[in-house]
Amino acid sequence: MLSKEDRILSWYKIPKSSRILLIATTLIFIFLTPNLAEGYESTWNKIEIDSTNDYNAAVIDSNEDAWVFGDNGIIIHGEKLTNWSIIDSPTNEDILTADSNDYMVAAAGTNGTVIYKEVLSNEWIKKNIDAQTKINSIAINNMNEIIIVTDFGGIQILREGEWSEIDSLTLEDLYHITFENERGLIAGSSGLILGSEDNGLTWETRETPETISESEIISIGYYKTNRAYAITSDGQILKSTQEALTTTVGYSWSIKEIESENYSTSLNVNLTSLEILSTTKILLTGENGYVALSKDGGNIVTPQLFPDEFDNQKINDVAMINAFRGIIVGNDGNIFYTENGGENNPVGFEVVDFNDFNEFVDFTKDNLLEGLKATMKIVLIGILLGFFLGIVLAMCKTAPTTLKQMIESDLEKTLILFWLVIPVSILSTRGSGIGIGIFTFLAIIGVTILVDYYINKNKTEKEGFLGIQIPNNHRNKVIKILGLSLLIGIPISEEWGFEGGAELIYSALNNFHDFQLGSDTPKLSAQLGYIFAPIGDPIAFFRLIIGIGLTYLGVLFITANGSYSKKRFFAGKLFLLIIVWSIILTELFIGFDLNNFNLSIASLMKYLFFLGMGLFMTRRIIPELSWKNLEPNEFNITIDPWRLRPLNSLATLYTDFFRNTPLLVQFMFIHFGIQLGKHIQNIGIDVTNDLTIISSYLGPFDSIFAPMIDYVSDSLFGPGKRSYLSAIFALGLNSAAYQCETIRGAIAAIPSGQMEAGRSIGLTYMGTMRLIILPQAIRICIPPLGNEMVNLVLNSSLASVIAYTELTRQGKLVVAITFQIFWTWGMVMIAYFVVTWTLALLLRRLEEKTRIPGLGISGGN
Amino acid sequence: MEDEVLIIENLEKIYAGGVHAVRGVSFKVRKGESVAIIGSSGSGKSTVLRCINRLIEPTMGTIKLNEEVINNPLADVNEIRSKIGMVFQSFELFSHLKVLENITLGLRYVRGMNKEDAEKIALEVLERVDMLDRIDAYPGNLSGGQKQRVAIARSLAMHPEVILFDEPTSALDPELIGSVLQTIRGLADEGMTMVIVTHEINFARDVADRIIYMDKGIIAEEGPSEIIENPKTERLKEFLSAMDDE
Ligand SMILES: Nc1ncnc2c1ncn2[C@@H]1O[C@H](COP(=O)(O)OP(=O)(O)OP(=O)(O)O)[C@@H](O)[C@H]1O
Ligand SMILES: [Mg+2]
């Protein structure tokens, strides 16, 4: 066998720095690669009809015949959507709107024109309204009555052959009316939505968001009875869901945050029409040939391709038979037909015989490869995130920093850290999310450390932190003030401020009002059913915990007296007693009602029993109970609060939390619960926007940087990247907890003398960690870390639950198309195996490479 | 006096568990002097030594290095430690680094030297401990005596004001002890200031200018190396005869 040096192609012939660079670039490439997207074509096909009128409205009747209406009263009949012809029209007026149901088709337009026909007959009947106004929209209700809306709040209904006016209670212009069974919705100007529950006889105003009070809602629609959507002419999407079982859909409306490139609530397109294909799938049209599809209820709106030559056409209406087949109509005689729900088609798509393995592979290889790539992306970044966070956590867990040290010798640092908490608490209470808070916090800490480094770089004498040194005679006062502000907080303005422990506890308890204490089931055992009531509000729960922590610290600091070892808290038996008595008292007094109290023998027995029980327990816990000998020593647990290690506590909290909850739930909590992906996307977009602005000042270099920034921004924070970001973080954060424990174990295995030796030559704690402890510890824990990493790869399949299209989800999609269960899952499994196996091999090799001669038993020599 | 490098006054240490290991120890070390601390196991020798470079925080008392109080919470402990060398019973070489790197580490990352300068100094001190031939070996492949000599070189490289030895030969086989003691004796002759905790009574008598005998956390007897021949206190007598019996 050739030795390493003799091989022509040897990894080790590459200089070390280039090797790192090579790995880094590969990683960045993998991280940034866009998803396969080449070769799509539009599925809209133009229907050739000899007319160039502008078409304004289209409907499809229950015969699956299409009816298209346009200017100058033109009516086009598309028999079964295939056989198209212009038919004689009863009017010359422009027809602007149309509607259909099982029984009839109706249309209306300028000068009060209303025409209709029964599905089964061929004859169009004209039934104009009296007023010579422009009719904006027409609809047919459940009783086959025609209702029209006009500007200035006009509503008229055609019943028993007569038009009669309905009071709309508004003077706003009404643009669109629609019915689902007996329920109706009308959309209008100034963000107005009217609703009716009685076939349009009476209408009332529905609740819409403040932010659209200037916008015109130009189209509105139901999907069955459980979802409704509306759009504004300035490109916003509104959604209404059923809020409780008792109410129906359409009552309250919320605005969608569209995950578009510039992240806002608007698509920045002048929309014209809306068609709802399912509860979450909606088709939008607009000016300039805009056709877009959203498959998730308006979160991600993807513009669809449109035949090139018709790019700038204004599209006016959509009509669909089902989620796939339908037409859109527009100006200049344009009618387009789709069989694919308007969705872009991958080029080269053809129906193949999936029973043939070659055909199957040909068809699915792209999907599976893309899935593999997607998996690799989150796995690699997840591993890195998990590893580095794991090291940080492990170091926090092993850090010897005690409260005493923070207050005694590092008071300056502690103070600055505390002042850093304030901007973070402000940022995260502003609703911009935890993300910005964390990022700012880390950034400021980084900057502070750098500044401190430069201030103290050339000084032999230590001068506090950042050049600040609190004089000895004032240190105690400063500590007390710090304690006070931890307890009561620091108000900065009316809205913002640092909330102290007391306020946090108070507000959290306020949120816990729903203890259900006054319920009909006064037994403690029954109360257990409500255990989720108090902790049901996660935010209040966290606030309570943080509040208790801050209060504890606050009291501790306020009572500090300069010598930090004397202060001890006594707990133990006392704590146990408190628990016993609170259980007994709750049991006795839950549901206790003074006004309605009757002392029966049974209840008297109950009270006596529980009180006796309590006294009995108390005597068991403290046998020699008497106030005289209630010596602190009796309570057998003593805690010296000054020896508390805050870093360790925080890291323990983190790892305990992540290791004691299911990863699947973490995925959902992170993605749907705190919407981490969304927050990071927003931050990313903000940052890249700023970078673009900076780059624009760079003159000629702008043309180099701008596309790069665009590319990075697109591939990291572009539309549809939320689940990608969430997946990385869910995997990384979870893995960090486990890797932390592994690394901590390895650090614990290093003899303590190594730390002493490092410190005794003058290295700092961190320096010793970095140069001496970690290099040895990491070597020890490569095999268990390998396990963690393999686990992470396998766990990545859970990302499919947050709709991240990685390998497993691609597998599901492929199965859904091809029905080849065995081949698909087989291939998916092989792909996973190859990835993890390669990883394991690499780690094994790494272990060999980094082994220290003469250390440890390895079986080798 | 002017040339006192190390002054220890009323040192007390109570461990967290309540063990009162050191109960008021005071002594001084002059420049160029080597002081040996002897005493039975558990008498608090290591504790005193570790307090000096603050690997353990003293409960009470003051420690002065070159007139400067070093055991106050605001003093820069890293700066102080880099001026005090420490040699451990169990060597504590950095096992992932080669011999040369073990020695250059402190120079590069504490003193901020570049690699070449650090290596020059490293080679110098390795020559002093006679370890030049194994500079590329990993500690795992060295004998105990060699390890301890490298550890001594590691302290020497930092040009410390004083080196503390905590039973440098206790973990060594009898035949390896010689070379280490030889090295320490060489340092004493060169005028290095040293505090040596040891169980090698003969070595202490030969090398040390002064001997401190500790018992149960206090200094029971202190004086020039002659006190080994003529112990004044009963306790030292007993201790010495017990050592002779071994
Ligand atoms: N970390 C510690 N925590 C609690 N007690 C300790 C600790 N280290 C040492 N002690 C106790 O302090 C006393 C003095 O210990 P020390 O190590 O200083 O003795 P020594 O004189 O060096 O003994 P030896 O000659 O065996 O090394 C002993 O009783 C020991 O048990
Ligand atoms: Mg000892």
Side-chain angles (χ1 to χ4, degrees), chain A residues 400 402 404-412 456-465 469-472 475 563-565 640 643 750-768 770-780 850-858, chain B residues 14 16 46 49-50 52-57 59 68 72-98 101-112 136-142 147 151 154-158 160 163-164 166:
Chain A
T402 56
K404 178 183 172 186
Q405 199 181 339
M406 284 179 72
I407 292 302
E408 203 173 34
S409 41
D410 289 336
L411 183 60
E412 291 85 4
N456 285 331
K457 199 165 95 174
N458 297 318
K459 291 184 182 157
T460 44
E461 292 258 316
K462 194 180 119 174
E463 280 184 18
F465 187 61
Q469 172 116 42
I470 299 164
N472 271 343
R475 291 178 92 80
S563 87
Y564 304 105
S565 46
D640 183 353
R643 295 169 74 87
I750 306 289
S752 61
Q754 291 279 307
M755 176 54 85
E756 292 180 345
R759 308 275 346 235
S760 71
I761 57 172
L763 284 172
T764 58
Y765 177 83
M766 288 301 285
T768 317
R770 182 169 65 90
L771 296 165
I772 294 161
I773 308 295
L774 284 179
Q776 298 183 52
I778 301 290
R779 279 180 173 86
I780 296 179
T850 55
R851 217 170 63 75
I852 305 155
L855 199 74
I857 303 164
S858 64
Chain B
I14 306 172
S46 301
L49 215 58
R50 282 154 178 269
I52 294 176
N53 73 348
R54 282 182 64 191
L55 285 178
I56 299 175
E57 290 298 333
T59 313
E68 212 179 292
N72 99 49
L74 297 179
D76 187 349
V77 68
N78 302 314
E79 175 78 14
I80 293 159
R81 286 192 186 124
S82 76
K83 292 187 201 155
I84 303 177
M86 177 101 184
V87 175
F88 298 85
Q89 181 177 354
S90 49
F91 328 125
E92 303 300 348
L93 292 183
F94 308 135
S95 53
H96 61 300
L97 299 175
K98 292 176 180 169
E101 294 163 335
N102 257 281
I103 291 163
T104 52
L105 187 85
L107 294 171
R108 290 176 62 191
Y109 294 99
V110 179
R111 295 272 187 264
D136 275 333
Y138 280 96
N141 290 343
L142 295 179
K147 280 185 202 168
R154 185 174 66 185
S155 309
L156 275 181
M158 303 295 288
I163 302 186
L164 313 174
D166 191 0

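Lettering of chains follows the sequences in order, A, B, ..., and the numbering in each one begins at 1. Computed over heavy atoms, backbone and side chain alike; hydrogens, waters and symmetry mates excluded.
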Contact part of B:R50 toward chain A, heavy-atom cut-off under 4.5 Å: side chain, backbone, both or neither?
side chain

Toward chain A, the part of B:V87 with a non-hydrogen atom under 4.5 Å:
neither

Quick one: are B:N53 and A:R759 in side-chain contact, heavy atoms under 4.5 Å?
no

Any side-chain heavy atom of B:E92 within less than 4.5 Å of one from A:E756?
no

State the NZ-CD distance between A:K404 and B:E57, to the nearest 0.5 angstrom.
8.0 Å

So which of B:I80, B:L93, B:I84, B:L142 has the largest heavy-atom pair count under 4.5 angstrom toward chain A?
B:L93

So, B:H96 side chain and A:L774 main chain: donor-acceptor pair closer than 3.5 Å or not?
no

Interface check, chain B: of A:Q754, A:R779, A:M755, most non-hydrogen pairs under 4.5 Å belong to A:Q754

Return the CE to OG distance between B:M158 and A:S760, rounded to the nearest 0.5 Å.
9.5 Å

What part of B:L164 is in contact with chain A, defined as an atom under 4.5 angstrom from a non-hydrogen atom: side chain, backbone, both or neither?
neither

A side-chain contact here means heavy atoms from C-beta on lying under 4.5 Å apart; do A:I761 and B:F94 qualify?
yes

Which atoms of B:S155 are under 4.5 Å from chain A, going by heavy atoms: the side chain, the backbone, both sets, or neither?
neither

Which residues share a side chain to side chain contact (heavy atoms under 4.5 Å, CB included) with A:A777, sequence neighbours left out
A:A746, A:I747, A:I750

CZ of B:R81 to OG1 of A:T764, rounded to nearest 0.5 Å, is 10.0 Å

Residues in side chain to side chain contact (heavy atoms under 4.5 Å, CB included) with B:R108, at least two apart?
B:T104, B:K115, B:A118

